[in-house]
Engineer: 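Take a look at the following structure, please.
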Protein chains: 2
Amino acid sequence: MVTIGDVAKAAGVSRSTASYALSGKRSISDAVRLRVNEAVKTLQYTPNAGARSLATSQTKVIGLLAQFLDDEFAPAMLQYILGVSNTARELGYDILLVTDADGTSALRRISDSRMIDGIVLLNVAENDPRLDHLRAAQQPGALVGLPKDCDGLDVFDLDFEEAGRTMVDHLHRLGHRELILISQPQHVIDRGGAYVWRLQNAALAAAEARNITLHTVFAPSSQPAVGDALNELLDAHPTATGLLINNEAAAAALPSVLHERGLSTPKDLSVLGRYSDEFARTFSLPFSSIESAPDRLGSMAVRQLVRRIEGEIGPEEPNVVRFVTPDLIDRGSTAPPR
Amino acid sequence: MVTIGDVAKAAGVSRSTASYALSGKRSISDAVRLRVNEAVKTLQYTPNAGARSLATSQTKVIGLLAQFLDDEFAPAMLQYILGVSNTARELGYDILLVTDADGTSALRRISDSRMIDGIVLLNVAENDPRLDHLRAAQQPGALVGLPKDCDGLDVFDLDFEEAGRTMVDHLHRLGHRELILISQPQHVIDRGGAYVWRLQNAALAAAEARNITLHTVFAPSSQPAVGDALNELLDAHPTATGLLINNEAAAAALPSVLHERGLSTPKDLSVLGRYSDEFARTFSLPFSSIESAPDRLGSMAVRQLVRRIEGEIGPEEPNVVRFVTPDLIDRGSTAPPR
DNA sequence: CTGAAAGCGCTTACAG
DNA sequence: CTGAAAGCGCTTACAG
């Protein structure tokens, strides 16, 4: 393989001069810079990443820990991954994608071996076992998802409380007085998916404050089952006029359920979801929704992480916990109840 | 950080002995091995990946080039990625996920800088511009998807010809005499998505051989548009009794289209798709289908790649081009025409 | 503005 | 069975 030594020889300079000419870390005569650049081009020189990382303790790689859990809807995950990946590339970093079932040991592996400069955690749970190791790691970490203890970590998440309030308020303003909130399965809460109850509790509080009825229910996240659950739900609350959905699988299943029941939105029922616009397009969902902004959250996490990696923010500087304010995207599925 | 030097010191041996004790590449007295292992444990030693790769020219990382094209249905891609990632981990490799729009330069970047030991290409086109660089690369490559020229590359793909024949034969045997085949958009073919016409041509040939009518059409891969296309199609061919679908977005949109038209399968129409079982579950698709086996294809590609990387197959050994025989998964959406 | 040299943390012939 | 040393390909103080 062609090394910087070959470049140096071809340019008639020392290896250090060749290196500096490429990095620009000290002034170089135009003549030399020109010859070095030419040598690089003709020899097709590319620095060896392993050698560089050994010398600089920098890999220019970010570890991305994504878990594909049974109780979660895989297509919704993809948006976060793409948001992280695209922003990382923009900032000059590559992505080491880790999908191990055992996230903790995977984290340790890539961190301790210095394969990466920083770590993004997706799918963060209330008491995420990965966090202890992340805090102990040499590399900075950024989370998408809010754990109980954010100490020492930069955290980005949708403001699910605000999302819950907005959903209730929006339908309340339109005149609705009895609503149903469909959340992720109980199972998601059990393993620490705090966003489920963060949204739900805020929605319940808002409903109480406005003195309206809010039925809450946990629905499955797998497709055949969730359709049945939706039907049961509509049977159980025939007087409810609005449906709030914090469950991607339920949102995806709803169009055919409504169709089967001969219901149309917003005439018979107002519907308001919580998912990304990309998700809505993929599944052709005609419901207004709270934008969950996965690409933006992934991007924010990476930007902050890179600032830490590159020392723009010192390790002593306090961690940030940033909530994205939920936007409501109107697709015309809400209206006053009839 | 703790190095192998620290381990050696703690165990009272030389660095080379410590290294050999860990790699097992030469015999070591039990006493020494014990002390070394103990030192590793107490010091929490993990080898530095960059240093190791510099010394061994091995990174234990596989590059995964995935393109997310507008004309393709993103959720269908995820299965390939997961298949590759999980198998790689099983074999001791990590995944560098590259989603750059410019796949060619991304390939060059990770290859020339020796960040990876081998490369998996997803979404391979008929004349894929990435292939020239892959052939010139130092690292072996494996493809998921069949290009025109497979020379020097290991290739894995579904047998789309057989898939096309099977689809036609299956409905022919049931007594159907007029079918419609819905393919990906023309656009996919234009940029080299050979699988579209591989399936279609084989289906046409099979239809001709059996003397039945097969209407073919390219439908959009985006959701609102594809629904309209399906409706037009059913309007245009009212006497057709069977629908073959080689277009994930069309398959996802079909249930509601059928519902709107008051059609049920297989009573009014027999439907046979081509997508993965995982995809069917995610979208709750009730149609029988040809399994596209993305996880299996991804896994096969990685296994072959690792065999090349680890020298079990020499570079002079001929490349393989392997087709997965399509299985038909019966979900009860086909029956004799009425 | 440039060069010779040390060092990053490993592995692996070479010697014994 | 074990050790001293060279080398992988970079970067970066240290000297001039």
Side-chain angles (χ1 to χ4, degrees), chain A residues 1-37 39-40 43-61 109-117 138 310-311, chain B residues 1-37 39-40 43-61 109-117 138 310-311:
Chain A
M1 76 176 296
V2 29
T3 74
I4 198 161
D6 301 321
V7 171
K9 205 177 302 171
V13 296
S14 73
R15 285 165 42 194
S16 60
T17 299
S19 177
Y20 282 119
L22 292 174
S23 69
K25 287 193 180 168
R26 76 179 183 193
S27 34
I28 297 282
S29 72
D30 287 353
V32 166
R33 195 198 340 274
L34 233 63
R35 275 183 289 150
V36 169
N37 285 336
V40 165
L43 296 175
Q44 299 244 57
Y45 169 70
T46 309
N48 180 297
R52 174 174 278 180
S53 82
L54 183 57
T56 63
S57 303
Q58 271 211 106
T59 64
K60 286 288 182 179
V61 174
R109 173 166 47 83
I110 65 172
S111 166
D112 289 356
S113 65
R114 301 290 199 283
M115 298 181 82
I116 41 94
D117 293 339
Q138 294 303 312
E310 301 187 344
Chain B
M1 75 173 298
V2 30
T3 74
I4 198 162
D6 300 322
V7 171
K9 204 177 301 169
V13 296
S14 72
R15 285 166 43 196
S16 58
T17 299
S19 176
Y20 282 119
L22 292 175
S23 69
K25 288 195 181 168
R26 76 179 183 193
S27 32
I28 297 283
S29 71
D30 287 354
V32 166
R33 193 196 344 271
L34 232 63
R35 275 182 291 151
V36 169
N37 285 336
V40 165
L43 296 176
Q44 299 244 56
Y45 168 71
T46 310
N48 180 297
R52 174 174 279 179
S53 82
L54 183 56
T56 63
S57 304
Q58 270 212 106
T59 63
K60 287 286 181 179
V61 174
R109 172 165 47 82
I110 65 172
S111 166
D112 290 357
S113 66
R114 301 291 199 282
M115 298 180 82
I116 41 93
D117 294 338
Q138 294 304 310
E310 302 187 344

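Hydrogens, waters and symmetry mates are skipped; everything else that's a heavy atom, side chains included, is used.
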Engineer: Compare every heavy atom of B:Ser57 with every heavy atom of B:Asp117, then report the nearest pair and how far apart it is.
Structural biologist: OD1-O, 4.3 Å
Engineer: State, with a plain yes or no, whether a side-chain heavy atom of B:Val7 is found less than 4.5 Å away from one of B:Arg35.
Structural biologist: no
Engineer: Is there a donor-acceptor pair under 3.5 Å between the side chain of B:Asp6 and the backbone N or O of B:Thr3?
Structural biologist: yes
Engineer: To the closest 0.5 Å, what do you measure between CG (A:Asp30) and CG (A:Asn37)?
Structural biologist: 10.5 Å
Engineer: Verify, without hydrogens or angle tests, whether B:Ser19 (side chain) and B:Arg15 (backbone) share a donor-acceptor contact under 3.5 angstrom.
Structural biologist: no
Engineer: Quick check for you: to the nearest 0.5 Å, what is the distance between A:Gln138 atom CD and A:Ile116 atom CD1?
Structural biologist: 10.5 Å
Engineer: Please list, in numerical order, the residues of residues 23-36 of chain B that have a heavy atom closer than 4.0 Å to any atom of DNA chain C.
Structural biologist: B:Lys25, B:Arg26
Engineer: Below 4.0 angstrom, which residues in residues 12-21 of chain B have at least one non-hydrogen atom near DNA chain C?
Structural biologist: B:Arg15, B:Ser16, B:Ser19, B:Tyr20
Engineer: Roughly how far, to the nearest 0.5 Å, is CD1 of A:Ile28 from CG of A:Leu22?
Structural biologist: 9.0 Å
Engineer: For the atom pair NZ (B:Lys60) and OG (B:Ser53), what is the distance rounded to the nearest 0.5 Å?
Structural biologist: 12.5 Å
Engineer: Calculate, to the nearest 0.5 Å, the distance between atoms CG and CG belonging to B:Asn48 and A:Asp112 respectively.
Structural biologist: 11.0 Å
Engineer: Quick one: how far along DNA chain D does chain A reach, first to last nucleotide 5' to 3', anything under 4.0 Å to a heavy atom?
Structural biologist: D:dG9 to D:dC14
Engineer: Given that both distances must come in under 3.5 Å, which nucleotide forms a Watson-Crick or G-U wobble pair with C:dA4?
Structural biologist: none
Engineer: Show your reasoning for whether side chain to side chain contact (heavy atoms under 4.5 Å, CB included) applies to A:Met1 and B:Arg114.
Structural biologist: CA-CA 10 Å; A:Met1 76 176 296; B:Arg114 301 291 199 282; 3.2 Å; yes
